[in-house]
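For the numbers below, each heavy atom of this structure counts, side chains included, while hydrogens, waters and symmetry mates do not. Quick note: residue numbers are just sequence positions, from 1.
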Amino acid sequence: MKKTLSALFFLTAILVLSACGSDSSSGSKDEVVIGYFPNIDHVPAMVAKEKQYFEEAFGEDKEVTYKTFPDGGAFMTALKTGDIDAGFVGPGPVMNNYANGADVKILAGASSGGTVVVASEQSGIESLEDLGDHTFITPGVGCTHDVQMETFLKEQGITSARIGGTLKHVTGNPAQYQAMFESGKVDLAAVPEPWASTLVANGAKIIVDTDEIAYGTTLPNTVLVTSGKLIEEQSELVDQLTAAHEKSVAFINENPEEAQTIAVDSIEEITNQRMDESIIASAWERVSYTTEVNAEVIQAFADSSHDLQFLKEKPEFDELVVPQGTEVGSAQ
């Protein structure tokens, strides 16, 4: 399975698809720009693009273009600057930016599950009792997967060195984890799919599975977001956006095999590398596609971020999530 790594490494070389000059100063746009990442958490975006659900929903007077991003920070910057109008991103960056005053709203969930804690083959770690002063890695400090892991570990009486414990923490792109495992630089990884399945295929051991880690099956790992400004100025478009997204998620759940093929083809189109379909199939078993998002879980997750000292002040997210089933156009 080592051959899968050559494809996965290229996921770091994200091709950012250029937009055609959206006029963010106007209340009415001819172009709608959708952002997403080329990974399986974001399959609803890939299916919607392939099936032209957004184009159908918006009508002929709107041109839909797409941009892909390497991480949540870059995505949120694009949303704040108006380079994109809406898109798909993890809840961690959304909450962190919202807490710092960013104009962002969660319209719906997109996917959940898929976060797994794995140990390298040579680490000697067989269970939580073996952690000691090992080193673990996550995609970013305070990212969704980091908070999930540290929340779970704290419940087990284990804390990171960042807050007084012995478990060391570093960050890095998941495409690099296998090489870091092999070099001995890190021992554990809290990692999303399909990286978890790739690491396991290359000898890593699952220490904490998706259904065990904190918020593993209740917290969306990808959400559909937009700005409050767009909701206020183009509420009908936002309703159309949400309806198209719901159609995409329904297609995924009704046609999983075709959706997997779309995902593999879409990632290859962006990265020029084809992912191993067996890895996608394995990862798919841990990821659920749903539009549901529970505001109480979002708040609980934020409280955990504060408790772990990722957030200086305890945030209140009462107005972050647009209530499910709400047509924002009718609420104006």
Side-chain angles (χ1 to χ4, degrees), residues 12 37 39 41-42 69-80 87-104 106 109 111-118 131 134-156 158-177 180 186-193 195-196 208 210 213-216 218-223 225 293-317 320-321:
T12 59
F37 303 2
N39 64 46
D41 292 341
H42 295 240
F69 294 88
D71 56 61
F75 176 98
M76 288 305 304
T77 296
L79 184 68
K80 289 184 287 187
F88 301 82
V89 67
V94 174
M95 288 185 277
N96 291 339
N97 277 266
Y98 182 85
N100 289 320
D103 177 23
V104 58
I106 295 176
S111 63
S112 62
T115 299
V116 185
V117 179
V118 299
L131 294 190
H134 288 88
T135 300
F136 76 96
I137 189 168
T138 65
V141 175
C143 73
T144 305
H145 316 292
D146 193 1
V147 175
Q148 285 183 274
M149 179 174 182
E150 292 207 39
T151 299
F152 174 82
L153 291 179
K154 192 170 183 180
E155 292 171 350
Q156 315 303 314
I158 304 169
T159 54
S160 70
R162 182 181 54 81
I163 52 176
T166 60
L167 193 61
K168 304 178 185 68
H169 178 224
V170 297
T171 63
N173 191 296
Q176 303 168 341
Y177 290 2
M180 297 180 80
V186 297
D187 309 297
L188 288 161
V191 61
E193 289 288 12
W195 310 104
V208 185
T210 296
I213 199 167
Y215 309 108
T218 58
L219 178 77
N221 55 28
T222 304
V223 290
V225 301
V293 53
N294 188 324
E296 293 181 358
V297 173
I298 294 290
Q299 183 63 57
F301 181 85
D303 292 344
S304 292
S305 296
H306 176 260
D307 183 56
L308 291 165
Q309 301 178 27
F310 289 120
L311 297 176
K312 293 182 179 179
E313 297 182 4
K314 189 172 183 178
E316 296 296 334
F317 289 146
L320 173 59
V321 181

- Could you give the distance from CZ (F317) to CD1 (I298), rounded to the nearest 0.5 Å? 8.5 Å

- Do V89 and V225 come within less than 4.5 Å of each other through their side chains, counting heavy atoms only? yes

- Message: Once you measure the plane-to-plane angle for F37 and H42, does it fall in the parallel (<30°), tilted (30-60°) or perpendicular (>60°) bin?
- Response: parallel

- Message: Testing the basics here: between S304 and Y215, what is the closest heavy-atom pair and its distance to 0.1 Å?
- Response: OG-OH, 2.5 Å

- How far apart are the closest heavy atoms of H169 and G140, and which atoms are they? CE1-O, 4.3 Å

- Message: If I take atom CZ from residue R162 and atom CD from residue E150, how far apart are they, to the nearest 0.5 angstrom?
- Response: 4.5 Å

- With rounding to the nearest 0.5 Å, note down the distance linking CG in N96 to CZ in F310. 9.5 Å

- Item | Option from D187, L153, T135 for which side chain to side chain contact (heavy atoms under 4.5 Å, CB included) with L167 holds | L153

- Task: Drop me the distance from M95's CE to H306's NE2, to the nearest 0.5 angstrom.
- Result: 14.0 Å

- Task: Considering non-hydrogen atoms only, spot the tightest contact between S305 and V147 and give its length.
- Result: OG-CG2, 3.5 Å

- Query: Taking everything shown except E296 itself, do over 12 heavy atoms lie less than 6.0 Å from its CD?
  - Reply: no

- Query: Has the side chain of N173 got a donor or acceptor atom that lies under 3.5 Å from a matching backbone atom of Q176?
  - Reply: no

- Side-chain touch T144/P93, heavy atoms, less than 4.5 angstrom: yes

- T210 side chain reached by E193 side chain, heavy atoms, under 4.5 Å: no

- Start with the C-alpha distance between L131 and L188, add both sets of side-chain angles, then the distance that settles side-chain contact (heavy atoms from CB on, under 4.5 Å), and finish with yes or no. CA-CA 9 Å; L131 294 190; L188 288 161; 3.3 Å; yes

- Task: Look up atom CG in N97 and atom CZ in F75, then write down how far apart they are to the nearest 0.5 Å.
- Result: 10.5 Å

- Task: Decide side-chain contact (heavy atoms from CB on, under 4.5 Å) for T138 and Q148; before the verdict, give the C-alpha distance in whole Å, the side-chain angles of both, and the deciding distance to 0.1 Å.
- Result: CA-CA 10 Å; T138 65; Q148 285 183 274; over 6 Å; no

- Under the 3.5 angstrom rule, does the side chain of Q299 hit a backbone N or O of P315 as a donor-acceptor pair? yes

- Task: Answer whether the closest heavy-atom distance between the side chains of K154 and D307 falls below 4.5 Å.
- Result: yes

- Do K314 and D303 have side-chain heavy atoms sitting under 4.5 Å apart? yes

- Can you find a heavy atom in the side chain of V208 that is under 4.5 Å from one in the side chain of M149? no

- Message: Contact between F136 and D146 at the side-chain level, heavy atoms closer than 4.5 Å - yes or no?
- Response: yes

- Please step through side-chain contact (heavy atoms from CB on, under 4.5 Å) for the pair Y177 and I137, ending with a clear verdict. CA-CA 8 Å; Y177 290 2; I137 189 168; 3.4 Å; yes

- Run the numbers on T159 and T166 for side-chain contact (heavy atoms from CB on, under 4.5 Å), then give the verdict. CA-CA 7 Å; T159 54; T166 60; over 6 Å; no

- Query: If we only count heavy atoms from C-beta on, is the P192 to N39 side-chain gap below 4.5 Å?
  - Reply: no

- With rounding to the nearest 0.5 Å, note down the distance linking CZ in F88 to CG in N221. 12.5 Å

